[in-house]
J.: 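Quick one: structure below, then a few questions.
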Amino acid sequence: MDNRQIANLLAETADLLEIAAGDPFRIRSYRRAAEAVESSTIPLSQLAVEDPKKLLTIAGIGKGMAANILEIEKAGTLPLREELLVKYKPSMLELLKLPGMGPKSVALFWEVLQVADIDQLEAAIAAGKLEELPRFGAKAAEKLKKGIAEYRKNSGRFHLDDAEIAAEKITAYLLEFPGIDRVTPAGSLRRGRDTVGDLDLLATGPICEEDKVGPAVDYMAAYPPIASLIAKGANKVSFRLRSGLQVDVRLLPQGSYGAALQYFTGSKMHNVTVRQRALKRGYTLSEYALAKVEDGAFVAGATEEEIYAALGMDWIAPELRENNGELEAALEHRLPQLITQADIRGDVHMHTVATDGSNTIREMAEAALARGYEYIAITDHSKNLAMTNGLDDQRALTHIAAIRQVERDMAEEFYEREKREPEGSPLKPRPGSSGTATSPRQLPIRVLAGIEVDILADGQLDLADETLAQMDIVIASVHTLFSQSIEEMTARVLRALENPYLKILGHPTGRKLLRRDAYQIHLPQIFQAAAAAGVAMEHNSNPNRLDLCDRDLKMAKEAGCKIVVNTDAHHTSEMENMRYGIRQLRRAWLTKEDVLNTLPADEFLETVKRR
DNA sequence: GCCGTTTTCGGCCCGACTGTTTTCAGTCG
């Protein structure tokens, strides 16, 4: 069992304990343990077998949790969870995912109405039974009804990162088979959609020719994590993983790999249009090849490039294949030069141990330097987010000093090292980075001081202007806006945009908000106001957070907004998430020029300060 | 249930907001 699965079991146990009104501190222990397990880079199931004592070295794992993990490894579950599931139903865990539903409501509905799942809840709402309950009225019922509809819209879909992790594991497994040398995810994962319905993987190699592929198909069907095998054909295996994710693996001959990749990448509308264009040119396109209509003669098939080229088009990046003008652009050779991860010079939204992050300022800066960034901004939470130990004005000012000190320290050490080993140091400055070889005060990395403030009910930011004036970056995020009306929320944000120190408008976050396009504010109005005020819009790369979808990003660009793409890292490892954000920007046709943190540090600062 | 210690037990992230309330419980981040 991998760390993520162990973490899920622990988190579920915490949820059940909460419904059972268990000791809140014990519940928190389970949650902390779940987080610790999930963020651990060591596979714990392996550790549990080889050296169980090492489990205790992980913060948040004590004697009890170590025993729990061993038990999970042995039995696949833990006794406390099973015990609770006798009294409560597993479907109640799903009820908890609805916005506005917490453990107390789940317990109440169960005890009074015997409601255990979403269908029963819906029926109870329809029958008006909810309003008979204490603390529940028409408004609460309406809110839950909406929540159910919203939840249903994307149940059965998986976040991009979960699908990608599964894809990487299966890819590694397939590549171990002799004669398979290429595996590529297709479908919505390749197109960079933020959620995927199922996973399509295409594999090829010498062994994948029609008469030889049998053993490889058997090998795939024997993949250990398969929960249930759905189908096994001549060159295709379909199965479901324990997470519920359905996977289709196709093993294809090398000559038609490009055609298959093109076909299975989609989207459907893109493919329909491509095939129409092929027909007009006297070709027919299938998942096997591009061929002449008249005699079926093979034209192209091994690579996507040759297929698109035969149709007079440039190769189209998968993220653009939505039949939104990309085919016309490809024919006229005017596809945009999409932004890539290599264009990003800095990540300007991240947290440290001062609030709810896991690493120090220094550790974040070192990690960013190792990633090749030229600058970062430390943007811890402000006081309104009390749960995170958010900074008040006094602490925020102290924090700025600490951030500046880290920048100076790293620079000093950098010069010392430079003096000792002037050549070949990994810390040698890049050409084009801020500063020049003649400048004695060149910095290895710029560490900007920032803050993530909250927008209050009256539209004010929750720190004083005098404090904000000291910051390089001020990001405003709306954390408490979900139950407001769209009009009220929009008005709040518009008022916040008037604050001259605000540089970047962030995103509402929330575990229970799955869809990126459910942004609960009136976007066109916000984008226009932001563009007029010179405030950049943030795109958050965290694949589990609600954020701007590609359509929103396009709209923002059209309104004249600049975009900043950040990871909102709470741990050094989360800087890795930048790739998910970049995918989303690419889907919105954004180029390097649209995104502010592709600029060198000085130009970036100049631009955000110009208000 | 974890942690740190005062090696045996007490402390453990807290404030805003909402709805249905006349004083607060529940949810959220």
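Every chain is numbered from 1, with letters handed out A, B, ... down the list of sequences.
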J.: With a 4.0 Å cut-off on heavy atoms, is A:Ser105 in touch with a base, just the backbone sugar-phosphate, or nothing at all?
T.: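 The residue A:Ser105 makes sugar-phosphate contact but no base contact.
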J.: Toward the 5' end of DNA chain B, which comes first, A:Val106 or A:Pro134, by nearest nucleotide?
T.: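 Per heavy-atom nearest nucleotide, the more 5' residue is A:Pro134.
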J.: For residues A:Ala163 and A:Val196, report the shortest heavy-atom separation together with the two atoms involved.
T.: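 Looks like CB-CG2, 3.3 Å.
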J.: Would the distance check show the side chain of A:His522 and the main-chain N or O of A:Thr490 forming a donor-acceptor pair, the cut-off being under 3.5 Å?
T.: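 No.
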J.: In this structure, how many angstroms lie between the C1' atom of B:dC2 and the NZ atom of A:Lys63, rounded?
T.: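 Rounded to whole Å, this separation is 12 Å.
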J.: What integer number of Å spans the C1' atoms of B:dT20 and B:dA25?
T.: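 Looking at atom C1' only, B:dT20 and B:dA25 are 10 Å apart.
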J.: So what does A:Pro24 hit on the nucleic acid, given a heavy-atom distance under 4.0 Å: a base, only sugar-phosphate, or nothing?
T.: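 No contact.
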J.: Can you check the A:Ile455 CD1 to B:dG29 P distance for me, whole Å?
T.: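 My rounded result for the distance is 16 Å.
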J.: Check every atom of B:dG29, B:dG26, B:dT20 against the side chain of A:Lys104 and return the nucleotide holding the closest atom.
T.: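 Within the option list, the nearest is B:dG26.
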J.: Respond yes when some side-chain nitrogen or oxygen of A:Arg26 is under 4.0 Å from OP1 or OP2 of B:dC2, and no when none is.
T.: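 For A:Arg26, the contact criterion (side-chain N or O under 4.0 Å from OP1 or OP2 of B:dC2) is not met.
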J.: Please classify the nucleic acid contact of A:Arg28 as base, sugar-phosphate, or nothing, using heavy-atom distances under 4.0 Å.
T.: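 Counting heavy atoms under 4.0 Å across all strands, the contact made by A:Arg28 is with sugar-phosphate only.
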J.: Salt bridge check: are A:Asp392 and A:Arg395 linked by an N-O gap of less than 4.0 Å?
T.: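 The answer is no: the pair does not qualify as a salt bridge.
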J.: Quick one, A:Leu10 with A:Val37, criterion side chain to side chain contact (heavy atoms under 4.5 Å, CB included). Give me CA distance, side-chain angles, the key distance, then yes/no.
T.: CA-CA 9 Å; A:Leu10 293 171; A:Val37 168; 4.0 Å; yes
J.: Both distances under 3.5 Å, Watson-Crick or G-U wobble: report the partner of B:dG4, or none.
T.: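 When the pairing criteria are applied, B:dC9 turns out to be the nucleotide that pairs with B:dG4.
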J.: Under 4.0 Å, counting only non-hydrogen atoms across every strand here, what does A:Asn68 touch: a base, just sugar-phosphate, or nothing?
T.: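 Answer is nothing: A:Asn68 stays at 4.0 Å or more from every strand.
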J.: Distance between the C1' atoms of B:dT5 and B:dC12, in whole angstroms?
T.: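 About 14 Å, rounded to a whole number of Å.
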J.: When we call it a touch if two heavy atoms are under 4.0 Å apart, what does A:Lys383 touch: a base, just sugar-phosphate, or nothing?
T.: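 Result for A:Lys383 = nothing.
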J.: Nearest whole angstrom, please: distance from the C1' of B:dA16 to the CG of A:Asp454.
T.: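 It works out to 9 Å between those atoms.
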J.: Do A:Phe109 and A:Phe136 make the cut of ring centroids closer than 6.0 angstrom?
T.: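 So the answer is yes for these two rings.
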J.: Between A:Lys97 (NZ) and B:dC28 (C1'), how many Å, whole number?
T.: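 The distance from NZ of A:Lys97 to C1' of B:dC28 comes to 18 Å, rounded to the nearest Å.
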J.: Determine the contact category for A:Ala67: base if any of its heavy atoms lies under 4.0 Å from a base atom, sugar-phosphate if only primed atoms, P, OP1 or OP2 are that close, otherwise nothing.
T.: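 It contacts nothing in the nucleic acid.
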J.: Looking at side-chain heavy atoms only, is the closest gap between A:Val564 and A:Val595 below 4.5 Å?
T.: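 No - every pair of side-chain heavy atoms lies 4.5 Å or more apart.
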J.: Taking the side chain of A:Asp23 as its heavy atoms from C-beta onward, which of B:dG26, B:dG1, B:dG19 lies nearest to it?
T.: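 Of the candidates, B:dG1 comes closest.
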J.: Using the P atom as the reference point in each nucleotide, state the distance between B:dT7 and B:dG1 in Å, no decimals.
T.: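 After rounding to an integer number of Å, I get 24 Å for this pair.
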J.: Give a yes/no on whether any side-chain N or O of A:Arg135 is located under 4.0 angstrom from OP1 or OP2 of B:dA25.
T.: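 For B:dA25, neither OP1 nor OP2 has a side-chain N or O of A:Arg135 closer than 4.0 Å.
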J.: Let's see if you can work this out: which of B:dG29, B:dG19, B:dA16 has an atom nearest to the side-chain heavy atoms of A:Asn384?
T.: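 When the side chain of A:Asn384 is considered, B:dA16 is the closest of B:dG29, B:dG19, B:dA16.
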J.: Rounding to a whole Å, what distance do you find between A:Asp356:CG and B:dC12:P?
T.: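 One finds 19 Å between P of B:dC12 and CG of A:Asp356, rounded.
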J.: Within the structure shown, what part of the strands sits under 4.0 Å from A:Ile27 by heavy-atom distance: base, sugar-phosphate, or nothing?
T.: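 No contact at all - A:Ile27 keeps every heavy atom at 4.0 Å or more from the nucleic acid.
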J.: Send over the distance from A:Leu96 CG to B:dG26 P, rounded to a whole Å.
T.: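 Going from A:Leu96 (CG) to B:dG26 (P), I get 14 Å.
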J.: Taking the same atom, C1', in B:dT8 and in B:dC2, what whole-Å distance lies between them?
T.: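 Each nucleotide's C1' atom is 15 Å from the other's.
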J.: Given the C1' atoms of B:dC13 and B:dC3, what is the spacing between them in whole Å?
T.: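 These two C1' atoms come out 15 Å apart once rounded.
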J.: What's the gap between B:dG4 and B:dG19 when it is taken at their P atoms, as a whole Å value?
T.: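 The answer is 42 Å between these two P atoms.
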J.: Taking B:dG11 as the reference, what is the distance to B:dG26 when you measure between their P atoms (whole Å, please)?
T.: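 24 Å, rounded to whole Å.
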J.: Separation of A:Arg395 atom CZ from B:dC13 atom P, in whole Å?
T.: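 It is 13 Å, rounded to the nearest whole Å.
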J.: For the side chain of A:Ser29, starting at C-beta, report the closest nucleotide among B:dG1, B:dG19, B:dC14.
T.: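 It is B:dG1.
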J.: I'd like the P distance from B:dT21 over to B:dT27, given in whole Å.
T.: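 The answer is 16 Å between these two P atoms.
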J.: For a side chain to side chain contact (heavy atoms under 4.5 Å, CB included) with A:Asn359, tell me which candidate from A:Glu366, A:Glu574, A:Met364 qualifies.
T.: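 The option that passes is A:Met364.
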J.: Give one of base, sugar-phosphate or nothing for A:Ala59, where a contact means two heavy atoms less than 4.0 Å apart.
T.: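 Contact class for A:Ala59: sugar-phosphate only.
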J.: Taking NE2 from A:His351 and C1' from B:dG29, how many angstroms apart are they, rounded to a whole number?
T.: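 Taking atom C1' of B:dG29 as the reference, NE2 of A:His351 is at 12 Å.
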J.: So A:Met65, base contact, sugar-phosphate only, or nothing? Heavy-atom distance under 4.0 Å.
T.: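 Result for A:Met65 = sugar-phosphate.
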